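Quick caveat, the model's predicted, so the values are computed rather than measured.
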Amino acid sequence: MPPRVRIAPSPTGDPHVGTAYIALFNYAFAKKHGGTFILRIEDTDQTRSTASSEVAIYDALRWLGLDWDEGPDVGGDRGPYRQSERTAIYREHVQTLIDNGTAYRCFCTSERLAQMRAEQERNKQNPRYDGHCRGLDPKDAQSRAAAGEPHVIRLRVPEEGETTLHDELRGPIAFQNAEIDDQVLLKSDGFPTYHLANVVDDHLMGITHVIRGEDWITSGPKHVLLYQGFGWEPPLFFHLGLLRNGDKSKLSKRKNPVSVDHYRSLGYLPSTFLNFLAILGFSMGEDRERFSLDEMVAEFEWSKVSTGGPVFDPVKLDAFSGDDIRAMDPAALRDALVEHAFGGRIDTLVELSRERINRLDDFIPYVSFFFGGEVDYAAVLPKMVPKKREKKETMKILKAYLEGIEKDDAARAFTVDGLAEFSKAFAQQHGWKPKELYPLLRCAATGRTASPSLFETLAALGKDRVRLRLRGAIEALRVAPQ
RNA sequence: GGCCCCAUCGUUCAGCGGUUAGGACGCGAGGUUUUCAUCCUCGAAACCAGGGUUCGAUUCCCUGUGGGGUCACCA
C-alpha cells in the first residue's frame with residue numbers, strides 16, 4: 001500500500017522554514033514510494049488563523065516545488081482539507097469517546113483553572129488538570145450540556161500504567177499515564193484542539209506515516225490513547241529534529257529570519273534553499289551534499305535521516321547559493337536577475353523614482369537601496385537618534401515597531417495604507433511625534449536620510465527586508481559609541 | 001522544576017567494534033587574477049565525562065553532564 005503522508009500547518013503568521021523542512025521530508029518519503037502527499041490546513045484556532053496566511057503557505061510551498069496531491073485548493077476525495085470545515089466530524093467522533101468513557105465533559109471555568117494552576121505552582125506541583133469533573137455522572141453532565149452550560153470535553157487518561165509511543169526513528173518512548181494531562185479535546189467554542197482534530201483527520205484521511213517535528217513527541221501518548229479510544233490502528237510516527245538558531249534554541253524569528261518569504265525575496269533559488277534544508281537532516285552518502293529534490297527522492301531512506309536538531313546556518317546557505325548562481329548559464333542567470341530585480345515591483349519603483357530622477361541612468365543608483373539585505377548605517381548613524389531622545393529609547397522604539405508590524409492587523413499586510421495607519425497610531429501610543437519616528441524609520445529601513453514617501457518605501461521594500469534592516473539598525477545603534 | 005528527546009571538528013552530514021576518524025561551510029597560509037570575487041593547493045580544527053560489556057570501544061549498555069523540547073479551551 002503506497003504511503004499517505006501530510007503536513008498540517010497552522011495558517012498563523014508567515015510560512016515558516018520549519019514547515020518547509022517537515023514538508024520536504026514528507027514529500028521525499030511519499031514520492032520515493034509512489035505515495036500521496038497531502039496538505040491539511042489546521043485552522044482550529046479561530047482567533048489566530050487568517051486566510052492570507054493560508055495563501056502564503058500555498059505560495060511558499062509551490063515556490064519550493066513541494067506540490068501536494070490533495071489539499072484545500074486542489075481537492076481530493078478525503079476532504080475537506082481545512083479543519084474549520086470539519087467541525088461536525090469532530091463533534092460526532094468525540095461523542096463516541098464520551099459514550100465509551102474515553103472522554104468526559106468538563107464544566108470548569110477558566111477562572112477555576114487559573115486558580116488551580118496558581119495553587120499547583122505555589123505547591124511546586126506540575127501544572128495539570130486536577131480531575132475535578134472526571135467523576136461527574138455522564139447523565140448529569142449530558143443534561144447540563146443540553147441545558148447550554150458551557151463546557152469542554154477532556155480526554156480521560158488512565159491513572160495507572162504507561163502508554164508507549166513507537167517512534168520509527170528513535171524506538172519506543174514510554175510515558176507514565178500518571179504524567180499525562182487530561183487534555184482538552186473539544187473547546188467550548190465547539191472547535192477541536194489539535195490533538196483531537198489531528199487524530200481524527202489522520203485516520204479519516206488514511207494517513208499511514210506521521211512525519212513531524214520532535215516538539216510533538218510529548219503529546220504523542222495522548223494521540224496513541226485517542227487511537228486506542230477510537231479502536232483505530234495508529235499510523236507510524238517519525239519525529240524529526242527541530243531546526244535551531246545559532247545558540248541551539250528552537251529556530252525563532254527573534255533570532256533568525258524564519259519566513260520562507262524572506263529567503264525568497266532576498267533571491268535564493270528555490271532549488272538551493274531546498275537542498276540546504278535537505279542536508280540539515282538527510283545525508284546522501286558518499287559525502288555528497290549538493291543534490292536536487294528529485295535526487296533526494298530517489299535516494300530517500302530513513303536510515304539516512306538524522307534526529308539531532310541542526311543549526312540553520314545562513315552562512316552555508318549563502319555558500320550554496322553562490323555556487324548555484326555561478327553554475328547557471330549566463331542567459332538563465334540574466335533572466336533570473338531581471339525577474340528578481342524588476343519582476344514584481346518594477347512599476348512601483350518607477351512610480352516612486354520618476355519625480356526624483358533627471359536622467360534614465362539615475363534610476364538604478366536611486367533605487368539601489370530597494371535591493372540587498374543589510375545596509376551600512378555608518379553615514380546615517382549620527383542622525384538616527386532624534387534630538388531630545390536617548391539612544392536607548394530609540395532602540396526600544398525600533399524593537400517595539402518590529403513587534404508591532406507582526407501583531408497589528410493593519411500593518412501585517414504591509415500595504416501603504418495599513419502601514420500609515422499603524423505607524424500613526426503607534427507613534428501616538430508610544431509618545432513619539434511622527435516627526436521624530438518617521439525619519440528614524442526611514443534611516444533604519446533604507447540606510448539613507450532621504451527616500452520616497454516613507455510608507456510607499458516600506459511597502460516596496462517588503463516586510464522581510466524591512467524586518468532585516470530594522471534589526472540591523474538596532475544592532476548598529478547598540479554597538480555605536482553613544 | 002517534572003517528563004521526554006538528543007550528544008563526532010565552530011557549524012552540518014559521514015562513520016554503524018579494529019579507520020592516519022572523512023566531506024562541506026567557515027577559518028588560516030600559499031598560488032592564479034591589475035583590484036575584488038571566483039578558482040586551485042595546503043593547513044589548523046571533533047569522538048562531553050566516568051563506569052561497565054568486549055581481546056578491542058567514537059561505535060553497545062548504565063550513570064552523570066551539557067543542549068533542546070514540552071508541560072494552554074495554540075498548533
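Here, U70(B) and C62(B) have their C1' atoms 25 Å apart, quoted to the whole Å. When the P atom is compared between G50(B) and U58(B), the two are found 11 Å apart, to the nearest whole Å. A14(B) and C9(B) are spaced 13 Å apart, taking the P atom of each and rounding to whole Å. Here, U32(B) and C40(B) have their C1' atoms 8 Å apart, quoted to the whole Å. Comparing the same atom, C1', in A49(B) and in C71(B) gives a spacing of 30 Å after rounding to whole Å. Nucleotides C25(B) and A46(B), compared at atom C1', are 16 Å apart to the nearest Å. Rounded to a whole angstrom, the distance from the P atom of C13(B) to that of G18(B) is 22 Å. G10(B) and C6(B) have their P atoms separated by 22 Å, with the value rounded to a whole Å.
Spacing between atom CG of Leu196(A) and atom P of A75(B) amounts to 11 Å, rounded to whole angstrom units. Phe312(A) has its CZ atom 18 Å from the P atom of C25(B), to the nearest Å. Rounded to an integer number of Å, the gap from Leu169(A) CG to C5(B) C1' is 12 Å. Rounded to whole Å, the distance from CZ on Arg290(A) to P on G23(B) is 18 Å. Atom pair Phe237(A):CZ and C4(B):C1' shows a separation of 16 Å (rounding to whole Å applied). Note: CG (Leu280(A)) to P (C25(B)) measures 16 Å, nearest angstrom. Rounded to whole Å, the distance from CG on Leu243(A) to C1' on U12(B) is 12 Å. In this structure, Ile325(A) atom CD1 and C39(B) atom P are separated by 13 Å, rounded to whole Å.
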Next item on the list: Would you mind building the protein contact string for nucleotides 60-70 of chain B? One character per nucleotide, 5' to 3', B for base within reach (heavy atoms under 4.0 Å), S for sugar-phosphate only, - for untouched.
Entry: -------SSBS
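Using a 4.0 Å cut-off between charged side-chain N and carboxylate O, Asp59(A) and Arg62(A) make no salt bridge.
Counting heavy atoms from C-beta outward, Leu186(A) and Leu196(A) have side chains that approach closer than 4.5 Å.
Around the CG atom of Asp329(A), the shell of radius 6.0 Å holds more than 12 heavy atoms that belong to other residues, nucleotides or ligands. The number of heavy atoms from other shown groups lying within 6.0 Å of CZ (Arg254(A)) does not exceed 12. The local environment of NZ in Lys32(A) is crowded, with over 12 non-hydrogen atoms from other residues, nucleotides or ligands closer than 6.0 Å. Heavy-atom contacts from other residues, nucleotides or ligands closer than 6.0 Å to CD of Gln95(A) number more than 12.
In terms of polar N and O atoms assigned as donor or acceptor, the side chain of Arg48(A) comes within less than 3.5 Å of the base of C74(B) in a complementary pairing. Within 3.5 Å, no donor on the side chain of Glu179(A) pairs with an acceptor on the base of G2(B), nor the reverse.
Position along RNA chain B of the nearest nucleotide to Phe320(A) versus Ile173(A) favours Ile173(A) as the more 5'-ward residue. Both Asp43(A) and Ala319(A) sit near RNA chain B, but only Ala319(A) has its closest nucleotide nearer the 5' end.
Of all heavy-atom pairs between Ser84(A) and Thr87(A), the closest is O-CG2, 3.8 Å. Residues Val74(A) and Asp69(A) share a closest heavy-atom pair of CG2-O, 3.8 Å.
Pair check for U53(B) finds none; no Watson-Crick or G-U wobble contact set falls under 3.5 Å. When both pairing distances are held under 3.5 Å, A29(B) makes a Watson-Crick or G-U pair with U41(B). The partner of G22(B) is C13(B), by the rule that a Watson-Crick or G-U pair needs both atom distances under 3.5 Å. Base pairing of G1(B): its partner is C71(B), meeting the Watson-Crick or G-U wobble criterion (both donor-acceptor distances under 3.5 Å). Under the Watson-Crick and G-U wobble criteria, each requiring two contacts below 3.5 Å, nucleotide C47(B) is left unpaired.
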Contacts under 3.5 angstrom, residues 270-278 of chain A side chains, donor-acceptor by atom type, not counting sequence neighbours:
from, atom 1, to, atom 2, distance (Å)
Thr272(A), OG1, Asp324(A), OD2, 2.6
Asn275(A), OD1, Arg290(A), NE, 2.7
Asn275(A), OD1, Arg290(A), NH2, 3.2
Asn275(A), OD1, Phe291(A), N, 3.2
Asn275(A), ND2, Glu289(A), O, 3.0

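Among residues two or more places apart in sequence or in another chain, the side chain to side chain contact (heavy atoms under 4.5 Å, CB included) test is passed with Asp182(A) by Tyr104(A), Tyr129(A), Arg134(A), Arg154(A), Val157(A).
When heavy atoms are screened at a 4.0 angstrom cut-off, Glu289(A) is found touching base atoms of the nucleic acid. Here Arg117(A) lies in heavy-atom contact (under 4.0 Å) with sugar-phosphate atoms only. Among the heavy atoms of the strands lying under 4.0 Å from Ser188(A) is at least one base atom, whether or not backbone atoms are also near. Nucleic acid contact class of Phe175(A) (heavy atoms, under 4.0 Å, all strands): sugar-phosphate only. Thr44(A) comes within 4.0 angstrom of sugar-phosphate atoms only, judged by non-hydrogen atoms across all strands, and of no base.
Geometrically, Lys399(A) does not engage Tyr401(A) in a cation-pi contact, judged by NZ or CZ lying under 6.0 Å from the ring centre and within 45° of the ring axis.
The distance between the ring centers of Phe29(A) and Phe25(A) does not fall below 6.0 angstrom. Between His223(A) and Tyr227(A), the gap from one ring centroid to the other reaches at least 6.0 Å.
In this structure, of C25(B), U12(B), C74(B), it is C25(B) that holds the atom nearest to the side chain of Val315(A). Here the side chain of Ile217(A) is nearest to one of C5(B), C25(B), A75(B), namely C5(B).
OP1 or OP2 of A14(B) lies within a sub-4.0 Å distance of a side-chain N or O belonging to Ser283(A). Taking side-chain N and O atoms only, Lys187(A) has a distance below 4.0 Å to OP1 or OP2 of A75(B). Residue Lys316(A) has no polar side-chain atom (N or O) positioned under 4.0 Å from OP1 or OP2 of C13(B).
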N/O to N/O distances under 3.5 Å, protein versus nucleotides 42-48 of chain B:
none

Shorter than 3.5 Å, N or O on both sides, protein versus nucleotides 35-38 of chain B: list them out with atom names.
none

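Within residues 135-157 of chain A, the residues having any heavy atom under 4.0 Å from RNA chain B are, by residue number, Val152(A), Arg154(A).
One distance of note links CG of Asp14(A) with NZ of Lys253(A); it measures 7.0 Å at 0.5 Å rounding.
In this model, no donor atom of one side chain and acceptor atom of the other lie less than 3.5 Å apart for Asp201(A) and Tyr81(A).
Of the residues listed (Phe238(A), Phe237(A), Tyr194(A)), the one engaging Trp216(A) in a ring-ring contact (aromatic ring centres under 6.0 Å, His included) is Tyr194(A), and it is the only one.
With Arg6(A) contributing its side chain and Asp202(A) its backbone, the two residues share no donor-acceptor pair below 3.5 Å.
Using cut-offs of 30° and 60° on the angle between ring planes, the pair Trp302(A) and Phe300(A) is perpendicular.
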